[in-house]
There are 2 protein chains.
Amino acid sequence: MGRRATTRRIGIADVALKAGVSHATVSRVMNGNFTVDATIAARVRAAATELNYQPNPVGRSLALGKTDTIGIVVPDLSNPTFQAILRGLSMAAAQDGYRVLIADSSEVSSEEAILAGEARRRCDGLVLCAPRMSDAELEELAPSLQPMVLINRTTDAHAPSLMVDYGQGIQELAEHLVGLGHTRLAFLAGPERSASNGLRLLGLEKFKAGHPEIDLQMLEGGSNFEVGHQSVDAVLASGATGVLAFNDLVAMGLLSGLHERGIRVPEDISVTGFDDIPFARYTTPTLTTAAVPITELGQQAWHRMRDLIRNVPSDAAPEGPTVFQPRLEGRSSTGPASAERRGG
Amino acid sequence: MGRRATTRRIGIADVALKAGVSHATVSRVMNGNFTVDATIAARVRAAATELNYQPNPVGRSLALGKTDTIGIVVPDLSNPTFQAILRGLSMAAAQDGYRVLIADSSEVSSEEAILAGEARRRCDGLVLCAPRMSDAELEELAPSLQPMVLINRTTDAHAPSLMVDYGQGIQELAEHLVGLGHTRLAFLAGPERSASNGLRLLGLEKFKAGHPEIDLQMLEGGSNFEVGHQSVDAVLASGATGVLAFNDLVAMGLLSGLHERGIRVPEDISVTGFDDIPFARYTTPTLTTAAVPITELGQQAWHRMRDLIRNVPSDAAPEGPTVFQPRLEGRSSTGPASAERRGG
DNA sequence: GTGAAAGCGCTAACAT
DNA sequence: ATGTTAGCGCTTTCAC
């Protein structure tokens, strides 16, 4: 039965006609150009409201060469860390009248380049979040992606970069455990391709150098609940009394697995996370972790992007990456090493 | 020192020039129009790759009257439920070559209309997720937002709607507790303006009608951790042995608060959540909840949207809202009512 | 099969 | 102060 009554979209021409002026004048009024006579401006505004006219953003974008939109590419939108970054970015950008377009590469590093390019073409800038692609590829791609802001990654190609000092954070967590009397530690590692995992590894190397007396074992891992949950056996086999999980998710999985086995935390084993996602405050026991200002990271990403978009010269911008220091958040999942286990 | 070497963006004209053809021909080739001579097509393609040419999406959008982008408006991007919907939507849309633009209303219902309108103008369609605006406002806005898909909301104005049967789910949870011998229950309610909270309330009315012997108390609440955490006193004061939390977040907050007070779950009190967010499997104890296929909801939202965008006639589309049934997920946070407390 | 030209909806330089 | 006109980068008739 016929198509629904399609109320044709109102265009600038309709308003011009109704107000009895040229579309140029309508455009001027809509953009707050004060060279228009007050009477006429009022007439135009009246016509616009009456017709419920709103300028077509696509038309404006083409004319102005900007979309007031920025893109973000994340490896996995189901990861709370990236969700928080997205949120911080989106909120901050909205404050300045910008919107965000999202692209999820699903951890497929080969897709990243294509997604990034596509997103960039539709937007005024791109935030690349923990890209999994190689350094070489990133550097090659960078020029075509600019203006671009990097999160948890750097590149020789000029681009602002926001980093988290995971190395420092993991060291603090390890020191925290040592301070509690633990001498046998284990690190549940993250994804191979993750740069942030590499930084943690580097930090732990330093830690080992400073603590030759401590036994620190490296265990294979990943970045989600399941990994933590499935690592119970490996953790127990390691004989460690203090476990550094790659992130809060892994820690929560581990906590859950240990609980099922009747192993008490922190009495029998201490567990630490990383990131301090909101959930970390509400686990049982509450999770000792290294707090990363994730939402602020997203917010800062926008601010750097905004600088890029505004100051085309880009000489006032800070050189080198901005580094965020994680803050140790001591809660109840860590405690003194148990007497029995400490001995053994 | 001078602006960076700005490699001017390659346009269709550049390719046309290089290939020695008109831009019309380049356009044809780029769009897979087979009326172009094979030899020429090859020449054009060569020129395009050599120049690394990619059609400008804004130009295409203006010419084609479509952006291959859909918008989603959510009340709060920090809520895992909306994050999961966004994710499902984004993944499904990406599969069909569409991108998603996000708008977060921060629970400010007055902002919703503006955000929705803005987003809609930049996109080919809009997904309105649990809108907080009034029925009247929604209905008035609907025509200008079409094509539009609603989540957790319906409207008389014609628009596909995806609903979750929260009423049924909460009844099942209540029945589950009754089956475990609980006779004193409490419901930690959600946000006032939330339609899904209203549905739960309706479901509980039905439950009460069927179980006059059960004492069911209504407690004020909200939708996040803090609310659950702060409700411990109210819950204890109610004397309930079984607590139905508005959602998993509230349940987790409550779990955490109860643990701090030394109250055992489920021995002393049983707790249920709602949604079955990924975390619910990994709380201590694991959380009994009503599982909602959230990601699938987002995916379905795209499918309905796709139908809308493709079949302009829209007569084959299913009438009335699609309803998703939550599924009871019995885990360890619920157990038999304790003898002492059961007595009253 | 291919080019010339119109047009998508808007902004801005240029006339007047 | 306002209208006319030329783009922005592309697709698509319409001639040839």
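Reminder, nothing fancy here: chain letters follow the sequence lines and each chain counts from 1. None of these values were measured; they are calculated from a predicted model. Scope of the values below: all heavy atoms of this structure, side chains included, with no hydrogens, waters or symmetry mates.
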**Request:** Using a heavy-atom cut-off of under 4.0 Å over every strand shown, decide if Val58(B) touches base, sugar-phosphate, or nothing.
**Result:** nothing
**Asked** Just how far, in rounded Å, is C1' of dG1(C) from CG of Asn31(B)?
**Response** 17 Å
**Asked** What about Arg28(B): does its side chain form a donor-acceptor pair under 3.5 Å with the base of dG3(C)?
**Response** yes
**Complete:** Picking from dG3(C), dG9(C), dG9(D), the nucleotide nearest the side-chain atoms of Ala24(B) would be dG3(C)
**Under 3.5 Å donor-acceptor, Gln83(A) side chain and Pro80(B) backbone** = no
**Message:** Please report the distance, rounded to the nearest Å, between CD1 in Ile40(B) and P in dG1(C).
**Reply:** 11 Å
**Atom-pair distance (NE2 on His23(A); P on dT4(D)), nearest Å** = 9 Å
**Prompt:** Just by modelled atom types, is the Leu162(A) backbone N or O under 3.5 Å from a matching donor or acceptor in the Thr322(A) side chain?
**Reply:** no
**Request:** Mind calculating the distance between CZ (Arg43(B)) and C1' (dG3(C)) to the nearest angstrom?
**Result:** 14 Å
**Prompt:** Looking for any heavy atom pair under 4.0 Å, which part of the strands does Gly65(A) touch: base, sugar-phosphate only, or nothing?
**Reply:** nothing
**Request:** Figure out the CZ/P separation between Arg60(A) and dA12(C), and round it to whole Å.
**Result:** 8 Å
**Request:** Mark yes or no for whether Arg120(A), through its side chain, and Gln146(A), through its backbone, hold a donor-acceptor pair below 3.5 Å.
**Result:** yes
**Request:** Would you mind telling me which of dT11(C), dG9(D), dA4(C) lies closest to the side-chain atoms of Leu62(A)?
**Result:** dG9(D)
**Message:** What's Thr25(B) touching, base or sugar-phosphate or nothing? Going by heavy atoms closer than 4.0 Å.
**Reply:** sugar-phosphate
**Message:** Of the options dC10(D), dG3(C), dC8(D), whose atoms approach the side-chain atoms of Ala63(B) most closely?
**Reply:** dC10(D)
**Asked** Can you check whether Tyr53(B) has a side-chain N or O nearer than 4.0 Å to OP1 or OP2 of dG9(D)?
**Response** no
**Prompt:** Please give, in whole Å, the distance from dC10(D) C1' to Met30(B) CE?
**Reply:** 11 Å
**Prompt:** Which part of the nucleic acid does Phe34(B) contact within heavy-atom distance under 4.0 Å: base, sugar-phosphate only, or nothing?
**Reply:** nothing
**Item:** From dT4(D), dG9(C), dT11(D), nucleotide with atom closest to Ser27(B) side chain
**Value:** dT11(D)
**Request:** Answer yes or no: are there more than 12 heavy-atom neighbours, outside Gln95(A) itself, under 6.0 Å from its atom CD?
**Result:** no
**Request:** Please state how far atom CG in Asp37(B) lies from atom C1' in dC16(D), giving the value in whole angstrom units.
**Result:** 17 Å
**Prompt:** With no hydrogens and no angle check, is any side-chain donor or acceptor of Asp124(A) less than 3.5 Å from a backbone partner on Ile70(A)?
**Reply:** no
**Item:** Distance, rounded to the nearest Å, where Leu17(B) contributes CG and dG9(D) contributes P
**Value:** 15 Å
